[in-house]
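My structure is below; once you've seen it, I'll send some questions.
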Amino acid sequence: MTTETAGKTATARPARAAARPGRRALTGAFTGLSHLALAVWALLVIVPLVWTFVAAFKTNDEIFGDAWTLPQTWHLDAWTRAWGKANIGQYLLNTVLVVGASTFLTMLLGSMAAYVLSRYTFRGNRLLYLMFVSGMTFPVFLALVPLFKVVQNLGMLNTFHGLILVYVAYSLPFTVFFLSAFFKTLPTSVAEAAFIDGCSHTRTFFQIMLPMAKPGLVSITIFNVIGQWNQYLLPLVLMPADQDKWVLTQGIANISTSAGYEADWPGLMAALSMAIVPVVIVYVIFQRQIQAGLTAGAVK
């Protein structure tokens, strides 16, 4: 190294050292802004939820009088009216039945398809994968008319099994897309060892590979439950007539319409709370698994 080169290197080191405090300050500023944005977002989400829950215990005069005060007396009448008179109890049971069955079928079929597409090589593999993924880019409302005719021709209009099958078809593209990337991160040596020990492909999948993919399965299951629980457009089109088979979103929409005429806003808030609380509880219980599933497939 020449004297001139050594001098340039010595000059560069203090410059880099001087640049580090500025870079750290910039990183700290971005971190602070991100925390502020998250705090604002949390308030925008939490405050309406808490207000809705508290308003379910108020009267109409208290809701329209001073909306931000606590109720003078915590009334439970609105919850009783929402459960019995507005049939929220029946709608809730219908939703649990439909979402439970459709989520189970979605995860079973989606995990099997994702495993085969990600771990096996065969002709047409890439085409099938792209066909699944393309389903995420197609807006559902564009297919409502042909979907209605197909379900009607199959004799499954206003039936639970017809709605369940549509939910499965609606949720499969994202499920296959998510789980395909996750299955690719699982070690191939484990499956090879199972084959050497005499396991079949089916047994290897269900007893070895599927338990290893538990974080990803839990994450995508929660996403499917939330998406199907809050679905309104598909039930509105496929379950228009039989009110006894309505799901929760249809029932709440009906209550919202009638609340303006009957002035039963606490009943509407109670119905909304009944629809929100189960989803929040599920998310709180499985939030660690959701976070683990979203990050487990990031590094192989």
Side-chain angles (χ1 to χ4, degrees), residues 38 41-50 52-53 88 91-115 117-118 129 132-133 135-140 160 163-186 205-206 209-235 247-252 271-300:
L38 289 175
W41 178 257
L43 288 175
L44 291 175
V45 173
I46 294 174
V47 170
L49 293 179
V50 174
T52 300
F53 184 76
I88 288 297
Y91 300 149
L92 183 63
L93 292 177
N94 294 343
T95 304
V96 170
L97 172 64
V98 172
V99 173
S102 60
T103 301
F104 173 77
L105 290 176
T106 300
M107 296 308 302
L108 177 64
L109 299 176
S111 61
M112 294 171 65
Y115 179 76
L117 292 174
S118 61
Y129 176 76
F132 273 111
V133 173
M136 296 191 299
T137 65
F138 192 80
V140 178
F160 287 139
L163 186 61
I164 289 171
L165 292 178
V166 173
Y167 273 9
V168 172
Y170 168 78
S171 304
L172 270 179
F174 179 70
T175 303
V176 172
F177 171 75
F178 185 94
L179 291 180
S180 294
F182 194 89
F183 277 124
K184 290 180 180 179
T185 65
L186 299 182
F205 170 70
F206 283 105
M209 306 304 290
L210 204 58
M212 292 176 62
K214 181 181 176 180
L217 293 174
V218 172
S219 298
I220 195 63
T221 298
I222 299 301
F223 286 133
N224 282 330
V225 168
I226 294 175
Q228 296 175 8
W229 187 276
N230 296 325
Q231 181 60 238
Y232 173 68
L233 191 59
L234 292 176
V247 294
L248 204 53
T249 50
Q250 291 175 286
I252 291 177
L272 288 173
S273 300
M274 292 180 189
I276 293 171
V277 168
V279 179
V280 173
I281 292 176
V282 169
Y283 184 81
V284 170
I285 293 175
F286 294 101
Q287 61 176 336
R288 293 184 180 272
Q289 289 84 346
I290 294 173
Q291 294 172 359
L294 292 176
T295 58
V299 180
K300 186 173 182 179

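Just so you know, these numbers come straight off a predicted model, no measurement behind them. Just the heavy atoms: all of them, side chains too, but no hydrogens, waters or symmetry mates, feed the values below.
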Evaluate the side-chain proximity of F183 to L186: yes if any heavy-atom separation is below 4.5 Å, no if none is.
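Touching, per the 4.5 Å side-chain cut-off.
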More than 12 foreign heavy atoms under 6.0 Å from CZ of F177: is that the case here?
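Atom CZ in F177 is not packed in, count stays at 12 or less.
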For the atom pair CZ (F160) and CG (N94), what is the distance rounded to the nearest 0.5 Å?
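F160 CZ to N94 CG: 3.5 Å, rounded to 0.5 Å.
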Between F174 and F178, what is the ring plane arrangement, given parallel below 30°, perpendicular above 60°, and tilted in between?
tilted
F223 versus T175: any side-chain heavy-atom pair under 4.5 Å?
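Not in contact.
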May I ask you to decide if S118's main-chain N or O and S180's side chain share a donor-acceptor pair within less than 3.5 Å?
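A pair under 3.5 Å: no.
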Quick one: list whatever passes side chain to side chain donor-acceptor pair (under 3.5 Å) with T103, sequence neighbours left out.
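With sequence neighbours excluded, T103 shows a side chain to side chain donor-acceptor pair (under 3.5 Å) to Q228, given in chain and number order.
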Flag side-chain contact, heavy atom, 4.5 Å: S102 against Y170
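A side-chain contact is absent here, since even the closest heavy-atom pair is not under 4.5 Å.
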Taking all atoms of both residues into account, what is the closest heavy-atom pair of F182 and G216, and its distance?
CZ-N, 3.6 Å
L109 versus V168, closest heavy-atom pair with distance
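Between these two residues, the closest heavy atoms are CD1-CG1, 4.3 Å.
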Output all residues satisfying ring pair (Phe, Tyr, Trp, His ring centres under 6.0 Å) with F53, sequence neighbours left out; order by chain, then residue number.
F57, W79
As an exercise, state the distance from CD1 of I222 to CD1 of I226, rounded to the nearest 0.5 Å.
6.5 Å
Across all chains, not counting sequence neighbours, the side chain to side chain contact (heavy atoms under 4.5 Å, CB included) partners of L49 are V45, I276
Between V96 and W229, does a side-chain contact (heavy atoms from CB on, under 4.5 Å) hold up when you go through it step by step?
CA-CA 8 Å; V96 170; W229 187 276; 4.1 Å; yes
Quick one: closest heavy-atom pair of A275 and I252, and the distance?
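Taking A275 first and I252 second, the nearest heavy atoms are CB-CD1, 3.4 Å.
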How many angstroms lie between atom CD1 of I88 and atom CG of L93, to the nearest 0.5 angstrom?
11.0 Å
Going by the rule side chain to side chain contact (heavy atoms under 4.5 Å, CB included), which residues pair with L217 if we only count those two or more places apart in sequence or in a different chain?
M107, S111, L179, L210, A213
Tell me, do Q250 and Y91 make a side-chain contact under 4.5 Å, heavy atoms counted?
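No; the side chains remain at least 4.5 Å from each other.
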So, do T106 and Y167 sit near enough that their side-chain heavy atoms are less than 4.5 Å apart?
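A side-chain contact is absent here, since even the closest heavy-atom pair is not under 4.5 Å.
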Residues which pass side chain to side chain contact (heavy atoms under 4.5 Å, CB included) with F132, listed by chain and number, not counting sequence neighbours:
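Counting only residues at least two positions away or on another chain, F132 forms a side chain to side chain contact (heavy atoms under 4.5 Å, CB included) with A113, L117, V176.
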Can you tell me how far CD of Q231 sits from CG of L163, rounded to the nearest 0.5 angstrom?
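Answer rounded to 0.5 Å: 8.5 Å.
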Can you list everything that forms a side chain to side chain donor-acceptor pair (under 3.5 Å) with Y115? Sequence neighbours excluded, please.
none
